[in-house]
Amino acid sequence: MLHNLSISDLEQIITRIVKNELKEFRENSSTYNNEELLTRSEACSLLKINMTTLWNWSRKGKIVSYGIGNRVYYKKSELLESLVRLN
């Protein structure tokens, strides 16, 4: 089958397949990463803040926290959405 293809045809086939795979990967990875649950320390690292600031922002309603038992989690997508554009 490959014997009948020219080099340009083979390049086009490979390019098309790679583009499709990359597109599918981007769609799947962005959805997964944004819905990822972060611990308090991971959320602090993402936002580059300390635990006290994170606790204050949660208490004031600036960011939403979720809990299971005595553990606290934050959705990565919601943390990124809570960022406000400055002028």
Side-chain angles (χ1 to χ4, degrees):
M1 181 177 199
L2 292 177
H3 298 286
N4 297 333
L5 292 175
S6 68
I7 292 176
S8 64
D9 290 340
L10 184 59
E11 286 176 344
Q12 289 175 356
I13 291 170
I14 291 172
T15 302
R16 187 180 74 240
I17 291 171
V18 170
K19 282 182 180 180
N20 288 338
E21 290 296 320
L22 283 174
K23 180 182 176 186
E24 184 179 323
F25 175 76
R26 281 190 207 119
E27 290 171 355
N28 292 336
S29 67
S30 65
T31 303
Y32 171 75
N33 288 337
N34 285 338
E35 289 304 316
E36 180 181 6
L37 291 176
L38 304 176
T39 63
R40 289 183 289 183
S41 60
E42 291 170 335
C44 288
S45 295
L46 176 70
L47 297 173
K48 296 179 176 56
I49 59 174
N50 64 33
M51 290 280 196
T52 304
T53 303
L54 186 69
W55 181 80
N56 282 328
W57 288 357
S58 294
R59 189 172 53 88
K60 292 177 181 177
K62 290 184 177 185
I63 57 175
V64 179
S65 59
Y66 299 89
I68 300 173
N70 63 349
R71 297 184 185 265
V72 178
Y73 297 99
Y74 300 88
K75 287 186 180 179
K76 184 176 180 180
S77 61
E78 291 180 357
L79 290 177
L80 296 174
E81 287 172 5
S82 68
L83 297 175
V84 177
R85 181 173 182 222
L86 301 175
N87 291 330

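Criterion: ILVMFWY side-chain heavy atoms under 4.5 Å apart, direct or through other members. Under it, Leu83 and Leu79 are part of a common hydrophobic cluster. Residue Tyr73 is not grouped with residue Trp55 when hydrophobic side chains (ILVMFWY) are merged at heavy-atom distances under 4.5 angstrom, including chains of intermediate members. Side-chain heavy atoms closer than 4.5 Å link hydrophobic residues (I, L, V, M, F, W, Y) into clusters, and following such links, even through other members, never connects Leu47 to Val64.
You'll find the side chain of Lys19 reaches within 4.5 Å of the side chain of Thr15, heavy atoms only. Under the 4.5 Å side-chain criterion, counting only non-hydrogen atoms from C-beta, Ser41 is in contact with Met51. Side-chain contact between Leu37 and Tyr74 is absent, with no heavy-atom pair separated by less than 4.5 Å. The side-chain heavy atoms of Arg40 and Leu54, taken from C-beta on, include a pair separated by under 4.5 Å. A heavy-atom distance below 4.5 Å is found between the side chains of Ile13 and Leu5.
When the shell of 6.0 Å around CD1 of Ile7 is examined, it contains 12 or fewer heavy atoms from other residues, nucleotides or ligands. Within 6.0 Å of atom CZ in Arg59, more than 12 heavy atoms from other residues, nucleotides or ligands are found, so the atom counts as buried in its surroundings.
Considering OG of Ser65 and CG of Leu38, their distance stands at 12.5 Å, rounded to 0.5 Å. The line from CG of Leu80 to NZ of Lys76 is 6.5 Å long, rounded to the nearest 0.5 Å. Here the CD1 atom belonging to Ile63 is positioned 6.0 Å from the CD1 atom belonging to Ile49, to the nearest 0.5 angstrom.
For the residue pair Thr53 / Asn50, a side-chain donor-acceptor distance below 3.5 Å is found, with atom types taken as modelled.
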